[in-house]
Amino acid sequence: MNKAESQRIAGYLDSAGYQAATSFSNADLVVLNTCVVRQSAESKVLGTLALLKGLKNKHPNLQILVTGCFVDSDTEGLKRRFPYVDLLFKPGDYPGLMSWSQRRCIPVGQEASLPMTFSPCAFIPVIQGCDNFCSYCIVPYRRGREVSRPLGEVICEVKELARRGIKEVTLLGQNVDSYGHDLPSRPDLADLLSELGSVDELARIRFLTNHPKDISLKLIETVASLNKVCEHLELPVQAGDDDILMAMRRGYTVERYRELVHTIRHKVPQMSLSTDIIVGFPGETEGQFEHTFSLVKEMKFDVVHIAAYSPRAGTIAWQEYKDDVPSEVKKERLNKIEALQAGVASKINSQLQGKRVEVLVEGRKKGKWFGRTRSDKLVFFEDNANRLGQLVEVKIGKTSPWALQGEFVDNGDNQTRT
Ligand code: SAM
Ligand code: SF4
């Protein structure tokens, strides 16, 4: 979501004639887009703000704008704490950004700006906010309640992006399964995917994040039936123990999650699955952690994002539970799942050795082209021609838990980005 919002802010600034600076020190304007989902992220924000304060002392004309989840409802309090910040605006509050720019005569771009990206992939927020209030999570407090973008607006934006050369869109929401419940005609995500499936120039559609308590059979069947929708789901389980899931207020049990994964794999056998796990939630015993460990072993996820529980002021867990799992134990549990998952992913990815896969080329790193498969695997390959934005075929040679290396297959019909 932050990437999507940064792409959009870059779009505004680009249309006002700004160019990207190479560092803070040679910038006229800095937009700090923040995340505070864990304390470590918030500490980074505070560190960067201290750095910017020093720069502002040297260059008083530097404009500092702060957005993202760091901006809470007490903006006056934040203004007092950080007087050198020129504007604090809530995530997605582009009208607020516009009116500031008009008041200060500092151009930041036009109203209906599109996301700016140098890759063929764009992120499209389709639903903002979250109504779920998982007990550990700060997001609903900082991003507010769910608000869906009208179906027609999303379709128009995707068509325009596709016309400009975007090949892949990722539809975003904290819970994409809630998309449309607040719109007059109550469309759902499956309806939106079906509409976008007929945008000619678009090659791939992705979406994230799903919620295990809300994902529908209709959505799974739509993924199975639409060619352009990639076979990849982000389905955070968070814990493999029913009591912990209850304390997290997730709204499902381990058995329900297991059945769901079974249905998904039955309907779309090639579906790749990613999940999120929090270890060291308040009161998590060794036995409860073992339940999570066993579930990760059993589910054979393609990717697992693991985080150590971080108490967030104002959340239900912060109010009701003591953060009583020592940080060394959290680290130990995190490492244990990471090691397990490295083995699982290594085995899954090794099955791709020798296979030909379709890759959408997103950019270049260390002399190699890189891109992703439909199943969201990162692939690197070498080729002298400019392959940016092309859908190419790559024969996989080396595999690892995190990425694949392969050889470009020249089959004569690789598409060039227009
Ligand atoms: N909406 C998604 C869902 O339902 O899981 C995830 C959004 S959340 C912003 C991203 C991830 O951050 C979560 O899946 C969770 O694993 C992690 N996270 C959120 N709050 C956390 C906390 N207090 N401590 C540790 N990890 C946290
Ligand atoms: Fe946070 Fe839960 Fe909403 Fe995800 S669904 S953003 S974890 S409250």
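Below, each value reflects all heavy atoms present in this structure, side chains not excepted, and no hydrogens, waters or symmetry copies. In what follows, residues are counted from 1 in the order of the sequence shown. Counting convention: from 1, in listed order, for ligands and their atoms alike.
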TODO: Compute the minimum heavy-atom distance from Arg250 to ligand 2 and say whether it is under 4.0 Å.
DONE: yes
Task: Neighbouring protein N, O or S atoms of atom 3 (Fe) of ligand 2 [cut-off: under 2.8 Å, no waters] - done: Cys130 SG
So what's ligand 1 close to, N/O to N/O, under 3.5 Å?
unit_1, atom_1, unit_2, atom_2, d
ligand 1, 1 (N), Gln174, O, 2.7
ligand 1, 4 (O), Arg250, NH1, 3.1
ligand 1, 5 (O), Gln238, NE2, 2.8
ligand 1, 14 (O), Gln238, NE2, 2.7
ligand 1, 14 (O), Asp276, OD2, 2.4
ligand 1, 16 (O), Gln238, OE1, 2.9
ligand 1, 23 (N), Tyr136, O, 3.0
ligand 1, 23 (N), Ser310, O, 2.8
ligand 1, 24 (N), Ser310, N, 3.0
ligand 1, 26 (N), Arg38, NH1, 3.4

- [ ] Salt-bridge test for Glu290 and Lys336: reply yes if a basic N is under 4.0 Å from a carboxylate O, no otherwise.
- [x] yes
Open item on the list: Just verifying a value: how many Å separate Arg372 CZ and Glu362 CD, rounded to the nearest 0.5 Å?
Closed with: 6.0 Å
Task: Thr275 side chain vs Val237 backbone, donor-acceptor pair below 3.5 Å - done: yes
Open item on the list: Which label fits Phe370 and Phe380: parallel for a plane angle under 30°, tilted from 30 to 60°, or perpendicular past 60°?
Closed with: tilted
Task: Rounded distance (nearest 0.5 Å) linking atom SG of Cys134 with atom CG of Leu245 - done: 10.0 Å
Task: salt_bridge(Asp177, Lys213) N-O dist < 4.0 Å - done: no
Task: Modelled atom types, side-chain donor and acceptor of Asn175 and Asn210, under 3.5 Å - done: no
Task: Top protein contact for atom 7 (S) of ligand 2, by heavy-atom distance - done: Tyr136 OH, 3.4 Å
Task: Plane angle bin for Tyr257 and Tyr252 - parallel if under 30°, tilted between 30 and 60°, otherwise perpendicular - done: tilted
- [ ] Please work out whether the ring planes of Tyr309 and Phe281 are parallel, tilted or perpendicular, with thresholds of 30° and 60°.
- [x] perpendicular
- [ ] Take the angle between the ring planes of Phe289 and Phe293 and call it parallel below 30°, perpendicular above 60°, tilted in between.
- [x] tilted
